[in-house]
Peer 1: 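Provided herewith is a single structure, encoded as structure tokens, for subsequent inquiry.
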Amino acid sequence: MQQKTETKMVLQKEDNFSEWYSEILKRAEILDIRYPVKGVYVWYPYGYKIRNLVYGILRSLLDNEHEEVQFPLFIPKDELMKEKEHIKGFEDEVFWVTKGGSTELDIPLALRPTSETAIYPVFKVWIRSHRDLPLRIYQIVNAFRYETKHTRPLIRLREITSFKEAHTAHVSRADAEEQVKKAVALYKSFFDQLAIPYVITQRPEWDKFPGAVYSIAFDTLMPDGRTMQIGTIHLLGESFARTFDIKYEDKDGSLKFVNQTCYGISERCVASVIAIHGDDHGLVLPPKVAPVQVVIVPIVFSSKEESNNGGTSVEKACVAVYDELKRAGIRAFLDNSEDRPGAKYYRWEMKGVPLRIEIGPRDLKTNSCEFVRRDNPKKMHVPLNEVVLEVKRTLEEIQVSIHEEAKEALRNTIYHTDENIKGAENSEEKMAELRRKAERGIISLFLCDSERCGQELEELLGVSVLGKEVYETEEGERSEGECMICSRKAKRVYVARTY
RNA sequence: GGGGUUGUAGGGUAGCUUGGUCUAUCCUUCGGCGUUCGGGACGCCGAGACCUGAGUUCAAAUCUCAGCAACCCCA
């Protein structure tokens, strides 16, 4: 028996995150990676339920001020090519449809890598007057990018299956910038509900969205010490409006270009939930996005003193609890399967169910049941008549607790330095030290705006520049200093190894 | 972008060098029956695969070429 337990593989998240990640996707039934096309994967029912709960949160946030639409997947070549900067950023990764049946198409059709060039020609038609503004729409669709680097489920895909893109148009730059702030607030709320910690930065000039005035990004830290971009927000200004000739008639009768923004989130947000909260036993889902929030495991044939009808009373108690939870709007599941209890525990732990309730003969004697939280090993006894209340309370506690833990983990890996290391005496040693820090997480340091300095630093440390911190500089921290490379005046930036 | 390795049941392997009685094996794979059931049960019976296509050949899992896919290394 002892040996059996030892041979059961427990996944080591810390040691080999990459292996852990693909193992979890399979065992928790999130994605089937066996589809025979590179970079595209199949959502299992369970994974898709998580996806839908996650995107449900996003939808409810967006629906306040945005309207959902759906634009075509095809973008004609001439439209896609209109915006010079924009296409430069994407042309190497566009999939093309060049044939209909055996007939060569007059104009090749691109599969959208993103939808600016599909949507903005229609904006031109939709927008006539200042009364049409602001215009705020979004869609959740698939998008295609011919990724040449190694693809990774949910993270680097040739088919992004769940691309949420919002596009807005406004009368002025000030209104557009206001929208950027709103989008940042919206994304904060979204990731907070997923219990995902983040840093928000303005991407450096050389790394902004092609065609944007500037780009703001949300990055989170993955368990292997690299950051992953999980959301972006772009101020487009008038550049697309000029290209696609999107004008409105102002109050005074003059024609003006609109000011635009766009912002996107992909299924990377699901990847971050899996990667950040999961542990050696599998997923740990925040209750808000758990397809099953509570699993009830009946312990039926336990003690010998229980006669045949003892089993029946356990079943009755389980069904009663299940019904009550359902009525209270909690996503509960009663695991009546033939497996032994232990096998059920492992299965539902793998699937990340936040709370397990065990009910057996022993519990019934005291009219109670046992609660087992997924996020910590504590067990507790709860009287049967208080189950619904306690479940609600516990789920809320779990939601908060895993969020706090994740935020703490992120904070702990951010390394701050004010020093101009390149100019320092023992700069070689210090650089090596920084490189070690970069293995584990994010570094906050001073760097000027020039691309040359940025790239030199990127090479020296083996990192990417995430950008200047926006909106939330920490208290008591110097926000200005000397650029680590050229010693000119510089702002604080985050750098890290990235996905 | 360049180079290398690999592709056998749901998963993991062996077989390939030297073509033929090549199918086989293991598992937290699947199904049936029975005994079990408070942390991954056990027994018996059964099921399931040679990546795709072309070529060589009397004969291909095995050799050749192409495609598709995966992994690794270098840029």
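We use all heavy atoms of the structure for the numbers below, so side chains are in, but hydrogens, waters and symmetry mates are not.
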Peer 1: Give me the distance, rounded to whole Å, that separates B:A47 from B:G1 when you measure between the C1' atoms they each carry.
Peer 2: 47 Å

Peer 1: Taking atom P of B:G38 as reference, at what distance in whole Å does atom CG of A:Leu364 sit?
Peer 2: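 Going from CG in A:Leu364 over to P in B:G38 covers 16 Å.
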
Peer 1: Stacking between A:Tyr346 and B:G40, defined as ring centres under 5.5 angstrom apart with planes under 30°, is that present or not?
Peer 2: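 Yes.
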
Peer 1: When the C1' atoms of B:U8 and B:U25 are compared, how many Å lie between them, rounded to an integer?
Peer 2: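 The same atom, C1', in both gives a distance of 12 Å.
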
Peer 1: Can you tell whether the side chains of A:Glu433 and A:Arg435 come within less than 4.0 Å, N to carboxylate O?
Peer 2: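 No salt bridge links A:Glu433 with A:Arg435.
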
Peer 1: Could you tell me how far B:C68 sits from B:U52 if I compare only their C1' atoms? Round to whole Å.
Peer 2: 7 Å

Peer 1: Out of B:G40, B:G1, B:G11, which nucleotide sits closest to the side chain of A:Arg34?
Peer 2: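 Closest nucleotide among those given: B:G11.
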
Peer 1: Got a donor-acceptor pair under 3.5 Å from the side chain of A:Asp339 to the base of B:G40?
Peer 2: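 Such a pair does not exist between side chain and base.
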
Peer 1: Answer yes or no: does a side-chain N or O of A:Arg340 lie under 4.0 Å from OP1 or OP2 of B:G39?
Peer 2: no

Peer 1: In whole angstrom, give the distance that lies between atom NZ of A:Lys344 and atom C1' of B:C37.
Peer 2: 9 Å

Peer 1: Just one of A:Arg340, A:Lys351, A:Arg347 clears the salt bridge (Lys or Arg N to Asp or Glu O under 4.0 Å) bar with A:Asp335, so which one?
Peer 2: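 With A:Asp335 as partner, salt bridge (Lys or Arg N to Asp or Glu O under 4.0 Å) holds for just one option, A:Arg347.
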
Peer 1: Just how far is it from atom CZ of A:Arg436 to atom CD1 of A:Ile443, taken to the nearest 0.5 Å?
Peer 2: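 One finds 11.0 Å between CZ of A:Arg436 and CD1 of A:Ile443.
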
Peer 1: Please report the distance separating the P of B:A69 from the corresponding atom of B:C27, rounded so that it comes out in whole Å.
Peer 2: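 Comparing P positions in B:A69 and B:C27 gives a spacing of 34 Å.
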
Peer 1: Between A:Asp224 and A:Lys13, is there a salt bridge with N-O shorter than 4.0 Å?
Peer 2: no

Peer 1: Quote, to the nearest angstrom, the C1' distance that separates B:C42 from B:C37.
Peer 2: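 After rounding to an integer number of Å, I get 12 Å for this pair.
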
Peer 1: Expressed as a whole number of angstroms, how long is the span from A:Ile299:CD1 to B:U36:C1'?
Peer 2: 14 Å

Peer 1: In whole angstrom, give the distance that lies between atom OH of A:Tyr345 and atom C1' of B:U28.
Peer 2: 18 Å

Peer 1: Determine, for A:Phe446 and A:Arg492, whether the Lys NZ or Arg CZ falls below 6.0 Å from the six-membered ring centre while staying within 45 degrees of the axis.
Peer 2: yes

Peer 1: Under 3.5 Å for both donor-acceptor distances, Watson-Crick or wobble: does B:A60 have a partner, and if so which one?
Peer 2: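 Its partner is none (no Watson-Crick or G-U wobble pair with both distances under 3.5 Å).
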
Peer 1: Would you mind telling me which of B:G39, B:G38, B:G1 lies closest to the side-chain atoms of A:Arg356?
Peer 2: B:G39

Peer 1: Indicate, with yes or no, if the rings of A:His86 and A:Phe240 have centres closer together than 6.0 Å.
Peer 2: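 Under 6.0 Å, so yes.
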
Peer 1: Grab the NE2-C1' distance between A:His150 and B:C71 for me, whole Å please.
Peer 2: 7 Å

Peer 1: For the side chain of A:Ala343, counting heavy atoms from C-beta on, which of B:C72, B:G40, B:G39 is nearest?
Peer 2: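 Of the candidates, B:G40 comes closest.
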
Peer 1: Round to a whole Å and report the spacing from CD of A:Glu29 to P of B:U29.
Peer 2: 13 Å

Peer 1: Under 4.0 Å from OP1 or OP2 of B:A70: is there any side-chain N or O of A:Lys38 that close?
Peer 2: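 Yes, such a contact exists.
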
Peer 1: Taking atom P of B:C37 as reference, at what distance in whole Å does atom CG of A:Asp363 sit?
Peer 2: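 Atom-to-atom, A:Asp363 to B:C37, this comes out as 17 Å.
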
Peer 1: A:Val37 side chain: which of B:A69, B:G38, B:G11 is closest?
Peer 2: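 The answer is B:A69, which lies nearest to the side chain.
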
Peer 1: Any donor-acceptor pair, under 3.5 Å, between the side chain of A:Arg27 and the base of B:G11, if you only look at N and O atoms?
Peer 2: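 In this structure, the two groups form no donor-acceptor pair.
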
Peer 1: Considering only the C1' atoms, how many Å lie between B:A9 and B:U5, rounded to the nearest integer?
Peer 2: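 Approximately 24 Å lies between the C1' atom of B:A9 and that of B:U5.
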
Peer 1: Using purine N1 to pyrimidine N3 plus N6-O4 or O6-N4 for Watson-Crick, or N1-O2 and O6-N3 for G-U wobble, both under 3.5 Å, which nucleotide pairs with B:C30?
Peer 2: B:G46

Peer 1: Show, in sequence, the C-alpha distance, side-chain angles and deciding distance for A:Glu205 and A:Tyr214, and conclude whether the side-chain hydrogen bond (donor to acceptor under 3.5 Å, both in side chains) test is met.
Peer 2: CA-CA 7 Å; A:Glu205 268 302 294; A:Tyr214 62 76; over 6 Å; no

Peer 1: Tell me if the aromatic rings of A:Tyr146 and A:Phe95 count as close, with their centers under 6.0 Å from one another.
Peer 2: yes

Peer 1: Checking base pairs now: Watson-Crick or wobble, both atom distances under 3.5 Å. What partners B:G53?
Peer 2: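 Paired with B:C65.
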
Peer 1: Whom does B:U25 pair with, Watson-Crick or G-U wobble, provided both distances fall under 3.5 Å?
Peer 2: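 With both distances under 3.5 Å, B:U25 matches B:G12.
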
Peer 1: Nearest nucleotide by nearest heavy atom, which residue falls closer to the 5' end of RNA chain B, A:Glu358 or A:Lys26?
Peer 2: A:Lys26

Peer 1: Has the side chain of A:Glu349 got a donor or acceptor atom sitting under 3.5 Å from an opposite partner on the base of B:G39?
Peer 2: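 Yes.
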
Peer 1: Could you check which nucleotide pairs with B:A41 in any of the strands shown, counting Watson-Crick or G-U wobble with both distances under 3.5 Å?
Peer 2: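 Paired with B:U35.
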
Peer 1: B:U5 pairs with which nucleotide, Watson-Crick or G-U wobble, both distances below 3.5 Å?
Peer 2: B:A70

Peer 1: Using the P atom on both, measure B:U57 against B:G19 and round to a whole Å.
Peer 2: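 Roughly 15 Å separates the two P atoms.
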
Peer 1: Atom CD of A:Glu23 to atom C1' of B:C27: distance rounded to whole Å?
Peer 2: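 Taking CD of A:Glu23 and C1' of B:C27, I get 13 Å after rounding.
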
Peer 1: Say we look at B:A70 and B:U17: how far apart would their P atoms be, to the nearest angstrom?
Peer 2: 28 Å

Peer 1: Let me know, please, whether A:Thr151 or A:Arg347 comes out on the 5' side of the other along RNA chain B by nearest nucleotide.
Peer 2: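 Taking each residue's closest nucleotide, the earlier one in sequence belongs to A:Arg347.
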
